[in-house]
2 protein chains.
Amino acid sequence: MAQGTKDQLLLTARNLFAERGFYGVSIANIADKHGLTKQALLHHFPTKEKLYGQVLKEISEELDDLMAAARSSSDDPKTQLMSLFQGFVSDTHGEAVRTRLLMRELLDNKHRAETAGAWYLKAFLKNLVKMAKTLPGWENVPDSQALALVYQLLGAVNYYAISQPTLRGVFGAKGAKALNDCYIDQLNRVMHAAFSPPPTLMK
Amino acid sequence: MAQGTKDQLLLTARNLFAERGFYGVSIANIADKHGLTKQALLHHFPTKEKLYGQVLKEISEELDDLMAAARSSSDDPKTQLMSLFQGFVSDTHGEAVRTRLLMRELLDNKHRAETAGAWYLKAFLKNLVKMAKTLPGWENVPDSQALALVYQLLGAVNYYAISQPTLRGVFGAKGAKALNDCYIDQLNRVMHAAFSPPPTLMK
DNA sequence: CAAATTACCTACCAGTCGGTAAGTAAATTC
DNA sequence: GAATTTACTTACCGACTGGTAGGTAATTTG
């Protein structure tokens, strides 16, 4: 059952880091949730940073899986991209936790030493750009233009995802629900407009 | 010079909180930057939370100013909204700091006690919705639909703004510059599409 | 069955956290 | 010019931080 404990600690660490951030969580907090001492945690992970790094690594692999799933879901690049971005808005618990953690990482990685963590993003963005450039009319567009397209959508859905608790606090559960219905429509409308027409072609 | 020291401490606190987050900064860190002891800081602000609250209050007032400026910049609501959102993307230092801090607040306020901090957003969103509903064809749309519109754009520009250091790290200064040029075009194109046609009218 | 490994524990460390108490030197007020 | 207020200081406090050292009971391995 060694692997079991380790995996459970990783999961708890992910949830807590997503909720309160790297500095807002102590290794004792994480161990406590399993009735363990922090030394037991340090037996499985040599340092707090390594533990965090492991969480980040797992998540970056999940992002790859997400990309692969989107790619195999359809032959139409437009459908692929739309289902991918819609996935971020769906309020699965796991999705929300991942998005929160990655948003924190985006805010923090400039300052924490392990810049290696930032490169999960590079691979993910590269895949996204590649996918966008299979859209009809986007084949010969410069990379930066395709990146601008996907980054804009990525920003919209990620921001919306992490805002969910606050939005519920401000507008209530009913208001948040109404917003959610509108948001998906609005997102689809904008994606439709953003994807379908090739922008001004000049290189 | 009392007010001077206090204001300087507030500014430093804002910068550090934006950079490292509430838990990543100690009051001693802030005081050190002015050659003071943390007890000197506690003389001006009774607790760390109060200091943070003060920073947040100032920022929420600045958001009001930003709204007012946008409103008085033009008579055309489309122009008003476009200049407002473009403002978030402009990489002024002050703007970047504010955006980072508000993003952190969005992630944290669920957990920190003072939920009062979240209500800066309510006023700002209310103003945005009001402005969006003066767009031609949007007058009779439900609030939640207008909110979906502005929140999507808000998410895109805020996420982009906080990503700037990471993007420079991943793509280099040159790549980030190329992206920036494309991004503003892309943003304008999407805003144009999102604002001008009234969505399907049914209520 | 002996040896080694695993999975934990208690005890401890130096350093930092936010905050309090009490004092002081200088400026302001009456 | 005496009293008060302002703007700090040093000296603490208990709680907590990440991490080390060393031990133990149970399991796995040879």
Side-chain angles (χ1 to χ4, degrees), chain A residues 1-57 101 104-105 107-109 111-117, chain B residues 1-57 101 104-105 107-109 111-117:
Chain A
M1 290 297 136
Q3 201 62 17
T5 300
K6 196 169 179 179
D7 287 349
Q8 283 172 15
L9 285 171
L10 267 172
L11 182 59
T12 302
R14 177 196 293 226
N15 287 328
L16 288 182
F17 282 142
E19 266 184 29
R20 310 209 295 260
F22 184 80
Y23 298 113
V25 180
S26 72
I27 51 176
N29 293 154
I30 298 166
D32 277 353
K33 294 248 172 188
H34 300 271
L36 296 176
T37 61
K38 66 179 173 178
Q39 289 78 7
L41 184 148
L42 287 171
H43 166 70
H44 293 285
F45 307 93
T47 68
K48 188 187 183 184
E49 266 84 9
K50 289 277 170 60
L51 167 61
Y52 178 81
Q54 190 79 23
V55 170
L56 215 58
K57 189 189 160 202
L101 197 139
R104 289 191 184 276
E105 172 63 15
L107 286 163
D108 287 346
N109 73 1
H111 310 289
R112 200 162 32 243
E114 41 167 7
T115 358
Chain B
M1 289 297 136
Q3 201 62 18
T5 299
K6 197 170 180 178
D7 287 349
Q8 284 171 14
L9 285 171
L10 267 172
L11 182 59
T12 301
R14 177 195 294 225
N15 287 327
L16 289 183
F17 283 143
E19 267 185 28
R20 310 209 294 260
F22 184 80
Y23 298 113
V25 180
S26 72
I27 52 176
N29 292 154
I30 298 165
D32 277 353
K33 295 248 171 187
H34 300 272
L36 297 175
T37 62
K38 65 178 173 179
Q39 290 77 7
L41 184 148
L42 287 171
H43 167 69
H44 293 286
F45 307 92
T47 68
K48 188 188 183 184
E49 265 84 8
K50 288 277 171 59
L51 167 60
Y52 178 81
Q54 191 79 23
V55 170
L56 215 57
K57 189 189 160 201
L101 197 139
R104 288 192 184 277
E105 172 63 15
L107 285 164
D108 288 346
N109 74 1
H111 310 286
R112 201 162 30 243
E114 42 167 7
T115 358

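Chain letters run A, B, ... following the sequence lines, proteins first and then strands; every chain starts at 1.
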In whole angstrom, what separates [X]'s [atom1] from [N]'s [atom2]?
{"X": "B/L16", "N": "C/dG18", "atom1": "CG", "atom2": "C1'", "value": "17 Å"}
{"X": "B/K50", "N": "C/dG18", "atom1": "NZ", "atom2": "P", "value": "16 Å"}
{"X": "B/L51", "N": "C/dC17", "atom1": "CG", "atom2": "C1'", "value": "15 Å"}
{"X": "A/R20", "N": "D/dC16", "atom1": "CZ", "atom2": "C1'", "value": "13 Å"}
{"X": "B/Y52", "N": "C/dG18", "atom1": "OH", "atom2": "C1'", "value": "17 Å"}
{"X": "A/I30", "N": "D/dC16", "atom1": "CD1", "atom2": "C1'", "value": "15 Å"}
{"X": "A/H34", "N": "C/dC9", "atom1": "NE2", "atom2": "C1'", "value": "18 Å"}
{"X": "B/L42", "N": "D/dT10", "atom1": "CG", "atom2": "P", "value": "15 Å"}

Self-check item: Backbone N/O of B/G4 and side chain of B/D7: donor-acceptor pair under 3.5 Å
Solution: no
Quiz item: Backbone N or O of B/S26 within a donor-acceptor pair of the B/R20 side chain at under 3.5 Å?
Solution: no
Does OP1 or OP2 of [N] have a side-chain N or O of [X] closer than 4.0 Å?
{"X": "A/H44", "N": "C/dC8", "value": "yes"}
{"X": "B/S26", "N": "C/dT16", "value": "no"}
{"X": "A/T5", "N": "C/dC8", "value": "yes"}

Quiz item: Just by distance, with hydrogens left out, do A/T5 and A/H44 show a side-chain donor and acceptor under 3.5 Å apart?
Solution: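 Absent: no donor and acceptor within the cut-off.
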Practice problem: For A/G35 and for B/K38, locate the closest nucleotide of DNA chain C by heavy-atom distance; then report the residue assigned to the nucleotide nearer the 5' terminus. | Solution: A/G35
Self-check item: A/N29 vs A/Q39, nearer the 5' end of DNA chain D by closest nucleotide
Solution: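 Between the two, 5'-proximity favours A/N29.
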Quiz item: How many angstroms lie between CD1 in B/I27 and CG in B/L36, if you round to the nearest 0.5 Å?
Solution: 12.0 Å
Exercise. Have a look at B/I27 and say if it touches a base, only the backbone sugar-phosphate, or nothing, with a 4.0 Å heavy-atom cut-off.
Key: sugar-phosphate
Quiz item: When all nucleic acid strands are considered with a 4.0 Å heavy-atom cut-off, which category describes B/A40: base, sugar-phosphate, or nothing?
Solution: base
Self-check item: Residue B/T37, side-chain heavy atoms: nucleotide from C/dT10, D/dT10, C/dG19 that is nearest
Solution: D/dT10
Quiz item: Counting side-chain heavy atoms from CB outward, which of D/dC8, C/dC8, D/dT17 is closest to B/H43?
Solution: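 Closest nucleotide among those given: D/dC8.
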Quiz item: Under 30°, 30 to 60°, or over 60°: which ring-plane class applies to A/F22 and A/F17, parallel, tilted or perpendicular?
Solution: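 Geometry flag for A/F17 against A/F22: parallel rings.
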Quiz item: Taking N and O atoms by type only, does the side chain of B/K48 place a donor or acceptor under 3.5 Å from a partner on the base of C/dG19?
Solution: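 In this structure, the two groups form no donor-acceptor pair.
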